[in-house]
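Working notes for the structure below.
Remember, it's a predicted structure, so these values are computed and weren't measured experimentally. Proteins come first, then strands; the chains are lettered A, B, ... in the order of their sequence lines, and each starts at number 1. Values below: every heavy atom of this structure, side chains too, minus hydrogens, waters and symmetry copies.
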Amino acid sequence: MENTDIANLFSTIADLLEISGDNPFRIRSYRNGARTIEGLPYSLISVVERDEAGLEEIPGIGKGLHEKIVEILKTGKCSLYDELLKKLPPTLLDLLDIPGLGPKKIKVLYEGAGIKTMDALEKAAKEGRLRAFPGMGEKSEANILLSIEAVRKRSGRSNISKALAKAEALVGYIKGIPGVTRAIHAGSLRRWKETIGDIDILVACADALEVMEKFVTHPEVERVLAKGETKSSALFANHLQVDVRVIDEKSFGAALQYFTGSREHNVALRLRAKKRGLKISEYGVFSEKDGSRVAGKEEADIYKAIGLPCIVPQLREGRGEIEAAESMKLPDLIQPNQIRGDLHMHTTWSDGRDSIEEMAEEAMKRGYEYIAITDHSRAVGIAHGLNEERLLKQMEEIDRVNDRIRKTASPFTLLKGSEVDIMADGTLDLDHSVLEKLDFVIGAIHSGFTMTEKEMTDRIIKGISTGLINVIAHPTGRLINRREPYAVNLKKVFDAAKEHGTAMEINSHPYRLDLKDIHCRQAVESGLYVSIATDSHNRKQMENIIYGINTAQRGWVEAESVINTKKPGDLREFLKRG
DNA sequence: GCCGTTTTCGGCCCGACTGTTTTCAGTCG
């Protein structure tokens, strides 16, 4: 039972309690608990093993959730969950995915007409049987049918890179509408979350109705969900929902803060405001006494009004950032200009598209001081992975390129590296004698993803224990929305990595982001170094570094934990092996 | 179910939009 499993269980319990009409605040407690657990930088198992009482030190976990966590960890079951399932069929949870349909209506439909599946709901809507229920009419039936269709086609949350591209295009479009003075995307996208449910765009303008009209008639709009004076929503291709809100200049900062979220972060801020006799809304910070405006125009002023330094969007997840801000212990987050080089990339020697020199040129354009060339090893046959012989030849080629660069009086350096496969038995794919000649070795898993957790963990630890691996590439092997991570005990991997001076990669490809945010935090809190690298297969992909940096920021990573912020000499010192 | 510089009970963030309503409940973020 990992934290994620317990968090998912609590989240499901919250949904079931909601449908059963339970106390909304009890429901919120389970939701809060789930979020908190998901974001913890350590495993609950370790807490319970050490001292059960430690659970209640975690904010949001009280007596009730404590007992349930212990029950789940000890028995693998949760009696509350089992009881709820006796009363409510789990298929009702699917119905919560239908926009416009919430727990109250689902309960009524289930109890009144025995509707418990998406198919049954569709049938009832088509037959016009839903309009018999209070608050439902023909229009509700039509909307439910449209929404069911959308849910069936939907592929889940969008990858951040897709959402960012769409958001930037739409912000450009809106800025082109006459009278618009400001437009910016907010929401989880501004927090750089790895997947995005919908895009929020805030607009300041002279004529709100004009903006709303232009937005809902955008040529790519597939369906308008709502259109009002200050808020409109529309579905775009790939079922990406976009919400546009028009905001007064004097409230813009408050709205930006509010719509950037997360919800948990905002709830905590509002609670804090309330204790100080203030009220925060998307319109500003107001005195509860006389309703006078205290702040609103700039985002930072919202935090200032409640006695906090401004917290960057990447940290606003309700994972202890407010407490850290309060005690002036916010992390000094890694910044893009602190990255001195990229330590994972491929060239035409294996499956990359560009040559060693082309990659070097691009890196120099980016202002880097070094990069590591890390082509695949022979096990990745499909990528023309290098054997020892070809790797030795490539090293000679890199020496030649380095010589040519040195003659231009550039301080730029190429490091000779390899992304060597850690084989199923934990041995490395290339002779140690050759790997020892390299400046930089990345160890990676590219096969045998279906191993058990123990097998995979042992495999990686055995690789690390060779003492030859500087960095573990994409440590969980996941592809966002495409492939689940392989089973691995990261805690044990981190321990072994610490012992052998191995760093963890934050792979910056937007479909990897591996380590992910919370794992980054676990890694640096375990005292590990990370390498923020792009795994580029062509020049252009080097720009993906921004996704890795933001993932690191979401994981509270500071520059001192990132090996590629080191000066070339310091990096070489760090890379020296045992 | 959680929590406490108005504390162990009685609160718990705030507002817009829709569809069905003659004043509002449900949903969403």
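Straight-line distance between the C1' atoms of B:dC12 and B:dT6: roughly 16 Å, to the nearest whole Å. On the C1' atoms, B:dG26 is 12 Å away from B:dT21, given to the nearest whole Å. For the C1' atoms, the distance from B:dT23 to B:dC17 is 16 Å, rounded to whole Å. Taking the C1' atom of each, B:dT18 and B:dC2 are spaced 33 Å apart, rounded to whole Å. Nucleotides B:dA16 and B:dG11, compared at atom C1', are 25 Å apart to the nearest Å. B:dT8 and B:dC3 have their C1' atoms separated by 10 Å, given to the nearest Å. The separation of B:dG10 from B:dG15, taken at their C1' atoms, amounts to 24 Å, rounded to a whole angstrom. Comparing the P positions of B:dG1 and B:dT5 gives a spacing of 23 Å, expressed to the nearest Å.
Between A:Leu271 atom CG and B:dC3 atom P the separation is 11 Å, expressed in whole Å. The NZ-P distance, from A:Lys289 to B:dT6, rounds to 13 Å in whole Å. Remark: C1' of B:dC2 and CZ of A:Phe10 are 13 Å apart, rounded to the nearest angstrom. Distance, A:Phe25 CZ to B:dC9 C1': 14 Å, rounded to whole Å. B:dC3 atom P lies 11 Å from atom CD1 of A:Ile58, rounded to whole Å. Straight-line distance from the CD1 atom of A:Ile13 to the P atom of B:dG1: 10 Å, rounded to whole Å. When the C1' atom of B:dC3 is taken as reference, atom CG of A:Leu65 falls 13 Å away, rounded to whole Å. Here B:dC12 presents its C1' atom at 17 Å from NZ of A:Lys279, a figure rounded to the nearest Å.
Remark: of the listed residues A:Leu9, A:Leu84, A:Ile6, A:Leu9 is the sole one forming a side-chain contact (heavy atoms from CB on, under 4.5 Å) with A:Cys78.
Contact annotation: A:Lys68 reaches the phosphate of B:dG1 (side-chain N/O to OP1 or OP2, under 4.0 Å). Residue A:Tyr283 has a polar side-chain atom (N or O) positioned under 4.0 Å from OP1 or OP2 of B:dA16. Between A:Arg270 and B:dC13, a side-chain N or O to OP1/OP2 separation shorter than 4.0 Å is absent. Look at A:Asn32 and you won't find any side-chain N or O under 4.0 angstrom from OP1 or OP2 of B:dG1.
Listed by first then second residue, pairs satisfying ring-ring contact (aromatic ring centres under 6.0 Å, His included) with a partner in residues 186-209 of chain A read A:Trp192-A:Tyr547, not counting sequence neighbours.
Within the 4.0 angstrom heavy-atom criterion, no nucleotide atom of any strand lies near A:Lys275. Among the protein residues, A:Ile280 comes within range of the sugar-phosphate backbone only, with heavy atoms under 4.0 Å from sugar or phosphate atoms but none that close to a base.
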Let me see the working for A:Ser262 and A:Arg319 under side-chain contact (heavy atoms from CB on, under 4.5 Å), right down to the final yes or no.
CA-CA 10 Å; A:Ser262 64; A:Arg319 294 174 182 164; over 6 Å; no
Could you pull out every donor-acceptor pair under 3.5 Å between side chains of residues 105-121 of chain A and any protein atom, sequence neighbours left out?
unit_1: A:Thr117; atom_1: OG1; unit_2: A:Ala120; atom_2: N; d: 3.0
unit_1: A:Asp119; atom_1: OD1; unit_2: A:Arg152; atom_2: NH2; d: 2.7

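Under the side chain to side chain donor-acceptor pair (under 3.5 Å) criterion, A:His265 pairs with A:Tyr303, A:Glu321, not counting sequence neighbours. Partners of A:Lys250 by side chain to side chain donor-acceptor pair (under 3.5 Å), not counting sequence neighbours, listed by chain and number: A:Asp248. With sequence neighbours excluded, the residues forming a side chain to side chain contact (heavy atoms under 4.5 Å, CB included) with A:Glu558 are A:Pro331, A:Asp332, A:Glu560, listed by chain and number.
Searching all strands for a Watson-Crick or G-U wobble partner of B:dT8 with both distances below 3.5 Å returns nothing.
Nearer to the 5' terminus of DNA chain B, by closest-nucleotide assignment, is the contact made by A:Pro59 (compared with the other of A:Asn266 and A:Pro59). Along DNA chain B, the nucleotide closest to A:Leu278 and the one closest to A:Tyr30 are compared, and the more 5′ of them pairs with A:Tyr30.
Closest non-hydrogen pair, A:Ile532 versus A:Gly548, comes out as CG2-C, 3.7 Å.
Listed nucleotides: B:dG15, B:dC13, B:dG1. Nearest to the side chain of A:Ser281: B:dG15.
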Indicate for each nucleotide in nucleotides 20-29 of chain B, in 5' to 3' sequence, whether protein heavy atoms under 4.0 Å reach the base (B), only the sugar-phosphate (S), or nothing (-).
S-----SSSB
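Taking the charged nitrogens against the carboxylate oxygens, A:Glu264 and A:Arg191 have no contact shorter than 4.0 Å, which rules out a salt bridge.
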